[in-house]
Undergrad: 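Before anything else, here's the structure in question.
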Amino acid sequence: MLGSAVVASALLLTGCQAGDDATDYDAGSSDKKTAGAADDKEDTGHAQELAAAQPRLVTTYDGGILTLDATTLDVIDDTKLEGFNRLNPVGDGRHLMVSVAEGFRLFDAGVWTQPHGDHTHSYAADPQLTDTVFNTELPGHVVNHGEATVLFGDGDGKIQTFDTEDFSDGAPKPQVAEVDEPHHGVAVKLADGSMLHTVGTEDERSGAKVVDSSGKEIASSDECPGVHGEAAAKDEVIALGCEDGILLYKEGKFEKIDAPDSFGRIGNQSGSDESQYILGDYKVDEDAELERPERVSVTDTKTGKLSLVDLGASYSFRSLGRGPEGEGVVLSTDGKLKIIDPATASVTEEYPVIDEWEEPVEWQKARPTLFVQGEVAYVSDPAEKSIHIVDLESGEVMAEKSLPHAPNELTGVTG
């Protein structure tokens with residue numbers, strides 16, 4: 001794993017504008033091919049106005065990216081792109097970042113809505129893997145929080161920050177900062193303009209700090225060994241996972257919440273602006289090549305209480321989500337969606353969706369994946385080359401469809 005010890009002066013966010021960091025990319029062997037079109041627009045390659053916003057799903061497969069209609073699951077587009085590709089929403093309801101060798105490449109999912117006086121207009125066009133790349137070494141986490149989108153480069157420690165709304169005009173230029181030493185990290189821009197980012201060295205990661213726009217340190221903590229991932233809760237509480245619990249940043253200060261075990265690793269979290277609770281994974285075997293835990297963590301960011309919930313089956317790092325009211329949603333290896341009431345730290349519903357499955361040892365390998373958008377959950381099943389839509393209130397499988405390729409990463413845009 002990579003790491004970095006960051007000095008405050010290194011995060012002088014106004015110090016360099018990244019005019020040279022958003023570059024044109026030679027697509028090379030990448031070849032976009034339209035496999036079909038949504039029923040409500042002509043396949044002309046130009047934007048067509050819609051009666052309402054059209055959400056879309058985007059999933060990777062070995063050799064490309066599929067764009068689907070989020071309601072019908074029809075394939076709208078098949079974009080060829082070799083290699084293992086990761087997807088991260090920009091947060092504007094339209095664009096994604098695709099992690100490629102050169103950095104973060106901008107993908108236009110082709111749907112958007114524009115305000116027009118007292119109403120809005122929604123449009124749809126062909127998806128496009130653009131030629132815009134925000135250069136960095138080893139592209140890592142993408143965080144959209146509030147009105148900002150932040151990219152973190154693990155190989156060079158570069159933090160690139162955007163006003164999310166600027167993506168509506170094409171390829172915006174980011175504000176760029178660089179941490180002192182690269183590491184596998186993450187950064188979050190807060191509502192007051194300050195920046196929270198992880199801290200470590202190439203060999204170990206130790207905690208986090210918050211600096212203002214001039215680089216002055218506001219707060220720091222070295223109480224989060226192996227710090228990984230982030231999630232935001234109600235009232236802009238930011239949570240970071242640690243190998244011995246979870247680290248919170250709230251009201252200008254860091255607060256460490258210890259795990260009930262000496263090694264209790266929380267590496268992946270899912271938050272909700274509607275909830276004071278953070279849903280996280282939970283592992284206790286420090287030496288395991290791959291631990292398949294059957295418990296998840298629920299952290300109350302107001303009281304500081306960390307609870308564990310037994311699912312009766314294991315899950316993967318792509319199994320965590322949150323429902324529209326802040327309820328926890330976990331896709332477990334028994335093929336069920338487990339609905340968790342975070343206030344009581346208990347499973348309240350179990351919805352069967354797919355067959356039993358086992359998490360592969362290599363994290364890049366495809367496995368069933370959960371993506372929640374609005375009031376529905378999308379569950380992929382690479383073994384069957386399929387995707388299912390589940391109503392989170394009733395548990396009904398509303399639709400399912402076979403795909404031309406086995407899906408791997410799964411996300412979406414609202415349009």
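Computation of the quantities below employed the complete heavy-atom set of this structure, encompassing side-chain atoms and omitting hydrogens, waters and symmetry-equivalent molecules.
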Undergrad: Of the non-hydrogen atoms in Pro324 and Glu274, which two are nearest, and what is the gap between them?
TA: O-CG, 3.9 Å
Undergrad: If we check side chain to side chain donor-acceptor pair (under 3.5 Å) with Gln276, which of these qualifies: Asp300, Thr299, Thr301?
TA: Asp300
Undergrad: Judged by modelled atom types alone, do Tyr61 and Asn85 share a side-chain donor-acceptor pair under 3.5 Å?
TA: no
Undergrad: If we count only N and O atoms by modelled type, under 3.5 Å, do the side chains of His145 and Glu236 hold a donor and an acceptor together?
TA: yes
Undergrad: Do Tyr249 and Leu190 have side-chain heavy atoms sitting under 4.5 Å apart?
TA: yes
Undergrad: Aromatic ring centroids of Phe84 and Trp363 under 6.0 Å?
TA: yes
Undergrad: How are the rings of Phe371 and Tyr378 set to each other: parallel, tilted or perpendicular (split at 30° and 60°)?
TA: parallel
Undergrad: Between Arg322 and Ser275, do the side chains contain an N or O donor and an N or O acceptor separated by less than 3.5 Å?
TA: yes
Undergrad: Looking only at side-chain N and O atoms, does Ser314 offer a donor or acceptor that is under 3.5 Å from a partner on Thr333?
TA: yes
Undergrad: So among Arg205, His184, His183, which one has a side chain to side chain donor-acceptor pair (under 3.5 Å) with Thr198?
TA: His183
Undergrad: Determine whether Val75 and Thr67 satisfy the following criterion, side chain to side chain contact (heavy atoms under 4.5 Å, CB included), listing intermediate values before the conclusion.
TA: CA-CA 6 Å; Val75 175; Thr67 304; over 6 Å; no
Undergrad: Checking Asp77 against Thr79: is there a side-chain donor and acceptor pair closer than 3.5 Å?
TA: yes
Undergrad: I'd like to know whether Asp78 forms a side-chain hydrogen bond (donor to acceptor under 3.5 Å, both in side chains) with His405, so could you lay out the CA-CA distance, the side-chain angles of the two residues, the decisive distance to 0.1 Å, and finally the verdict.
TA: CA-CA 10 Å; Asp78 186 347; His405 308 283; 3.3 Å; yes
Undergrad: Are Val397 and His388 packed together at the side-chain level, in the sense that at least one heavy-atom pair is separated by less than 4.5 angstrom?
TA: yes
Undergrad: Quick one: pull up CG in Leu331 and CD1 in Ile354 and give me the separation to the nearest 0.5 Å.
TA: 5.0 Å
Undergrad: Return the minimal non-hydrogen interatomic distance between Phe317 and Arg86, and the atom names on each side.
TA: CE1-NH2, 4.0 Å
Undergrad: Crowded around Gln364 CD? As in, over 12 foreign heavy atoms under 6.0 Å?
TA: yes
Undergrad: Looking only at heavy atoms, which two atoms of Leu337 and Ala377 are closest? And how far apart?
TA: CD1-CB, 3.9 Å
Undergrad: Report yes or no: do Ser402 and Ser386 form a side-chain donor-acceptor pair below 3.5 Å?
TA: no
Undergrad: Using distance alone, with no hydrogens and no angle criterion, decide if Ser332 and Asp334 have a side-chain donor and acceptor under 3.5 Å apart.
TA: yes
Undergrad: Looking at side-chain heavy atoms only, is the closest gap between Lys80 and Glu82 below 4.5 Å?
TA: no
Undergrad: Take Tyr351 and Asp391, measure what side-chain hydrogen bond (donor to acceptor under 3.5 Å, both in side chains) needs, and give me the verdict at the end.
TA: CA-CA 10 Å; Tyr351 302 146; Asp391 184 300; over 6 Å; no
Undergrad: I'd like to know if Lys401 pairs up with Asp74 as an ion pair, taking the criterion as any Lys NZ or Arg NE/NH1/NH2 lying under 4.0 Å from an Asp or Glu carboxylate oxygen.
TA: yes
Undergrad: Between Asn408 and Arg318, do the side chains contain an N or O donor and an N or O acceptor separated by less than 3.5 Å?
TA: yes
Undergrad: Please report the shortest heavy-atom distance between Leu279 and Gly328, naming the atom on each side.
TA: CD2-CA, 4.1 Å
Undergrad: Does any part of the side chain of Phe107, heavy atoms only, come nearer than 4.5 Å to the side chain of Met97, both counted from C-beta?
TA: no
Undergrad: Decide, yes or no, whether a salt bridge links Asp108 with Arg94 under the criterion of side-chain N to carboxylate O below 4.0 Å.
TA: yes
Undergrad: In Å and rounded to the nearest 0.5 Å, what is the CD1 to OG distance from Ile218 to Ser194?
TA: 4.5 Å
Undergrad: What's the shortest heavy-atom distance between Asp156 and Glu137, and which atoms?
TA: OD2-N, 3.1 Å
Undergrad: Is there a side chain to side chain contact (heavy atoms under 4.5 Å, CB included) between Val372 and Leu370? Walk through the geometry before answering.
TA: CA-CA 7 Å; Val372 177; Leu370 169 69; 4.0 Å; yes
Undergrad: Taking it one step at a time, do Val298 and Ile278 satisfy side chain to side chain contact (heavy atoms under 4.5 Å, CB included)?
TA: CA-CA 6 Å; Val298 174; Ile278 295 290; over 6 Å; no
Undergrad: Could you grab the distance from atom CZ of Phe134 to atom CZ of Arg105, nearest 0.5 Å is fine?
TA: 12.5 Å
Undergrad: Taking 4.0 angstrom as the limit, do Lys336 and Glu350 come out as a salt bridge?
TA: yes
Undergrad: Under a 4.5 Å cut-off applied to non-hydrogen side-chain atoms, are Ser99 and Asn88 in contact?
TA: yes
Undergrad: Check Asp244 with Lys256, please: is the shortest side-chain N to carboxylate O separation under 4.0 Å?
TA: yes
